[in-house]
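Inspection log for the structure reproduced underneath, given as structure tokens.
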Amino acid sequence: MVRRRCSSIVSYAIMGCPRQHPMSGCVICVSFQPHQSYLAMSELHRNDQELRRFEELHLLRELGVNPYPSTFGKTHTNAEILSAFSDDDPSPLADVFVAGRIMAIRKMGKASFVHIQDVSGRLQLYLKKDDLGEVYDHLKLYDIGDIIGVRGFVFRTRMGEVSVHAASLHMLCKSVTVIPAGKEEIDEDGNVKRYDAFADKEQRYRKRYLDLIANPHIKETFVKRARIISTMRRFFDTRGWLEVETPILQPLYGGATARPFMTHHNALDIPLYLRIADELYLKRLIVGGFEGVYEISKNFRNEGMDKTHNPEFTALEIYVAYKDYVWMMDMVEELLHTVVNDVHGTDSTTFGETEISFARPFARKKMFDLFAEHTGHDLRGKQRDELVAIAKAIHVDVDPSWSAMKLLDEIFSVKVQPHLIQPTFVIDYPVEMSPLAKAHSTEQGLVERFELFIMGKEVANAFSELNDPIDQRHRLEEQAAIRAAGDDEAMVVDEDFLHAIEVGLPPTAGLGVGIDRLVMLLTNNDSIRDVLFFPQMRPERNASDKHPEVEA
RNA sequence: GAUCCCGUAGCUCAGCUGGUAGAGCAUUUGACUUUUAAUCAAAGGGUCUUGGGUUCGAGUCCCAACGGGAUCACCA
């Protein structure tokens, strides 16, 4: 096998190396022969373009070039070069070191233009044989995808592009595979047009590193994501609230209605669950005496996946003592206002065609007022049968077996939610929908809870936390009964949590924010997969795999 | 889980009512010392996702599997 593969390289080398000048110093002719078996067996499946790159790698080493050096004294990012250059006085950039991945090579005989891409963008290099000598000939061993560094001076070409004129050229990392680098054209308006874009969504999600190289503009989404989160941290920290970490592996799960992932601890020989929410642990910390705690962390829910659901997702939860949900609404307004300003520099963001204003105050509407407004019916205190009849009358498909809570939820989703485009707090929910929220101080059957909707999507959920231990036990036992009746998403009774509530939770306002959805909203992405570097994907498998299925 | 659409060169795609597989870019060779999707000339590159079936003959038609996308359902 090795022989067969070597012979293909030999024939390739001969083909690629015209015999006309065997003594001319052509690196391929002179250096190739003695080393025909440097490729490992595991590399046998390589295609011709990859084989050529392995060959080039080998030849670079033969020439005494280390294709994987340890450091390079990079002095400027590409963007810094472009912004710092002045035609009037180029002298400050007379000796710079730049580095990046080769995205385009245009050879003009004894001069070449190369575009390199670094974290900040693209920069053109001008390489001339007169300046580089024999190193210029090595350029034939360089490819799109290699990472190179250059020392040189900055100038503007005749075509007007600020470029680095190379005095020396260094291979920093030889790439041995092909990257999908489509060509780019920049029109007069500065718009980048891409040709042969790397557009296969599946491959983009599976091989995000290639996506980031081929579609560098997506970096903006992830930079904004990082800024959104860091702005939130700063906002909370300056107010004296403590960032904490609570268990991901939990013997009991709770704080939300959702199916968990299950795992097993060998030494303890017990089942453990991956958390579905932080709530119950954070409240224990308020019981313990902290007066403001927050956590930004991954939650895990073993449910379906779609545009807005990934099995692991990032949530913010914050609890502040001696506050209620009205105070929390003000805080959320201020928080989002701050975040949007930090990220966009203005009060608003554009999602699709819609401009969304985060100017304060946001609309605040009672849930049952919204029902009246959008259905024409007053649903307060209605029994299940009445709700079924109303649903029928307003053409909402419902299952008559659903609970009153589920019916309200469905009517809300269909009739109300799509209208909540600008930031809107929906307040005062029925108690059945909120087993951890405090009973409303004035309205019978309601709890002090709000959800914030933007673009018809829930962005935040908060309430005055239930701290009446008898009420809390009663509601969790109701959940347990629902669970026993077959709803495996209902909450389980957590005795230690109930004990903490019996010890005494001060009046507390709590808030949860789905970070991924907030990032989607603020970066104009309609799929959660576009705001996660590595969204969960079905394992890649093809029918020709011969691996037998592993039985558990 | 249901329905619809998709899977062809490294990338983006074309391929008609079945008849020996196409383009652009990328790659290789040659020319070119300020180019801009550089250009010009030549060349290599494919088990058409996989497995069955119909047919003299399948990239194309049928069935199934695998993978993906969209919509819905489930679900915050």
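Per chain, numbering begins at 1; letters A, B, ... match sequence-line order.
- A donor-acceptor contact under 3.5 Å is formed by the side chain of A:Thr157 with the base of B:rU36.
- Contacts of A:Asn461 with the nucleic acid, taken as non-hydrogen atoms under 4.0 Å apart, are absent.
- Without hydrogens or angle criteria, A:Ser91 side chain to A:Asp89 main chain gives no donor-acceptor distance under 3.5 Å.
- Considering only the side chain of A:Met159, B:rU36 comes nearest among B:rC32, B:rG69, B:rU36.
- Checking B:rU36 for Watson-Crick or G-U wobble geometry (two distances, each under 3.5 Å) identifies no partner in any strand.
- In this structure, A:Arg52 reaches the B:rU28 phosphate: one of its side-chain N or O atoms is under 4.0 Å from OP1 or OP2.
- When the side-chain nitrogen and oxygen atoms of A:Lys183 are compared with OP1 and OP2 of B:rA38, one or more of them lie within a distance under 4.0 Å.
- Here B:rC66 sits opposite B:rG7 as a Watson-Crick or G-U wobble pair (both hydrogen-bonding atom distances under 3.5 Å).
- In this structure, the nucleotide among B:rU34, B:rG10, B:rG67 sitting nearest to the side chain of A:Gln49 is B:rG10.
- The listed nucleotides are B:rG10, B:rU36, B:rG68; the one nearest the side chain of A:Val178 is B:rG10.
- Contact annotation: A:Lys110 side-chain N/O to B:rA31 OP1/OP2 distance is not under 4.0 Å.
- A side-chain donor-acceptor contact under 3.5 Å links A:Asp516 to the backbone of A:Thr314.
- The base of B:rU34 lies outside donor-acceptor range of the side chain of A:Glu161, with no N or O pair under 3.5 Å.
- Nearest nucleotide to the A:Arg206 side chain, out of B:rG68, B:rU27, B:rG10: B:rG68.
- Each of B:rU35, B:rC75, B:rU27 was ranked by its minimum atom distance to the side chain of A:Phe113; first place goes to B:rU35.
- On a pure distance criterion of 3.5 Å, a polar donor-acceptor pair joins the side chain of A:Arg106 and the base of B:rU35.
- Across all strands shown, the partner of B:rU27 is B:rA43, judged by Watson-Crick or G-U wobble contacts whose two distances both fall under 3.5 Å.
- Taking the P atom of each, B:rA43 and B:rC25 are spaced 15 Å apart, rounded to whole Å.
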